[in-house]
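Hydrogens, waters and symmetry mates play no part in the numbers below; they use all other heavy atoms, side chains included.
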Amino acid sequence: MSFRTGYCWAVTILGARNLLASDVTGLADPYVLLHWSTGDEGRTHTERFSLNPSFGERFETRVQQHYVIFEVYDKDTCTTDDFMGEFKLKLEDSLPDVHEDWYKLVERVGETRGVTGELHLRVEKIPIMA
């Protein structure tokens with residue numbers, strides 16, 4: 001007989017909306033970095049010339065996690081990529097098996113650059129059986 005020992009997670013970064021224009025064109029070239037609590041990372045493609053990008057990229061972990069951090073950046077060619085906002089999602093057993101929502105981006109602690117926008121995420125809880 002098997003029993004559940006915890007959960008692993010799958011996160012689909014569906015898109016973003018109302019991002020802050022970071023380029024001289026009045027647009028941005030956003031991408032998202034994903035950081036799991038265990039140190040694993042992922043990255044979406046760069047969506048060129050958009051403040052409302054669609055990503056549709058799924059990231060899955062096969063080990064138990066406590067949180068995942070999403071950082072949105074504007075890709076630059078000649079300078080360091082611009083930070084556009086972040087969101088930290090606590091992964092708790094009480095979350096529904098599948099949850100889809102918009103999450104507000106916030107500034108990093110100690111920064112006052114200004115952040116706008118939201119991330120559209122689908123989070124799936126996958127039982128770990130032993």
[X] [atom1] to [Y] [atom2] distance, which is reported to the nearest 0.5 Å:
X      : Y     : atom1 : atom2 : answer
Ile126 : Arg62 : CD1   : CZ    : 5.0 Å
His66  : Trp36 : NE2   : CH2   : 12.5 Å
Ser37  : Lys90 : OG    : NZ    : 11.5 Å
Ile69  : Leu34 : CD1   : CG    : 9.5 Å
Asp81  : Thr46 : CG    : OG1   : 7.5 Å
Phe49  : Thr25 : CZ    : OG1   : 6.5 Å

Identify the two heavy atoms, one from [X] and one from [Y], that lie closest to each other, and give their separation to 0.1 Å.
X      : Y     : value
Gly6   : Gln64 : CA-NE2, 3.9 Å
Ser22  : Asp74 : CB-OD2, 3.3 Å
Gly26  : Ala21 : O-CB, 3.2 Å
Ala130 : Thr5  : CB-CG2, 3.3 Å
Leu119 : Ala16 : CD2-CB, 4.0 Å
Asp76  : Thr80 : OD2-O, 3.3 Å

Just so I know, are the side chains of [X] and [Y] near enough to count as touching, which here means a heavy-atom distance under 4.5 Å?
X      : Y      : value
Trp102 : Asn18  : no
Arg17  : His120 : no
Phe70  : Leu105 : no

Query - Test side-chain hydrogen bond (donor to acceptor under 3.5 Å, both in side chains) applied to Thr12 - qualifying residues, sequence neighbours left out - result: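 Checked Thr12 against side-chain hydrogen bond (donor to acceptor under 3.5 Å, both in side chains); zero matches.
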Query raised in the report: Partners of Asp82 by side-chain hydrogen bond (donor to acceptor under 3.5 Å, both in side chains), sequence neighbours excluded?
Result: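 Asp82 satisfies side-chain hydrogen bond (donor to acceptor under 3.5 Å, both in side chains) with no residue once adjacent residues are dropped.
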So, using salt bridge (charged side-chain N to carboxylate O under 4.0 Å, His left out) as the criterion, who are the partners of [X] when residues are at least two apart?
X      : value
Glu57  : none
Arg4   : none
Lys104 : none

Query raised in the report: Restricting to pairs with a member in residues 27-47, which pass salt bridge (Lys or Arg N to Asp or Glu O under 4.0 Å), not counting sequence neighbours?
Result: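 Sorted result for residues 27-47: Asp29-Arg48.
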Requested in this report: Sorted by first residue and then second, give each salt bridge (Lys or Arg N to Asp or Glu O under 4.0 Å) pair with at least one member in residues 120-130; sequence neighbours left out.
Outcome: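 Every salt bridge (Lys or Arg N to Asp or Glu O under 4.0 Å) pair that includes a residue of residues 120-130, provided the two are not neighbours, is Arg58-Glu124, Asp97-Lys125, Glu100-Arg122.
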Under the side chain to side chain contact (heavy atoms under 4.5 Å, CB included) rule, collect the residues that match up with [X], sequence neighbours excluded.
X      : answer
Leu20  : Arg113, Thr116
Ser2   : Met129
Tyr103 : Phe87, Leu89, His99, Asp101, Leu121
Val106 : Glu86

**Report entry** Tyr7 vs Leu91, side chain to side chain contact (heavy atoms under 4.5 Å, CB included): CA-CA, chis, key distance, verdict
**Finding:** CA-CA 9 Å; Tyr7 295 97; Leu91 300 172; over 6 Å; no
Report task. For the residue pair His45 and Phe55, categorise the inter-ring angle as parallel (less than 30°), tilted (30 to 60°) or perpendicular (more than 60°). Result ->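 Aromatic pair His45/Phe55 classed perpendicular.
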Query raised in the report: Just by modelled atom types, is the Cys8 backbone N or O under 3.5 Å from a matching donor or acceptor in the Gln65 side chain?
Result: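 No: the side chain of Gln65 does not pair with the backbone of Cys8.
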Requested in this report: If you link ILVMFWY side chains whenever their heavy atoms are less than 4.5 Å apart, which other residues fall into the same cluster as Ile128? By chain and number, please.
Outcome: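 Other cluster members: none.
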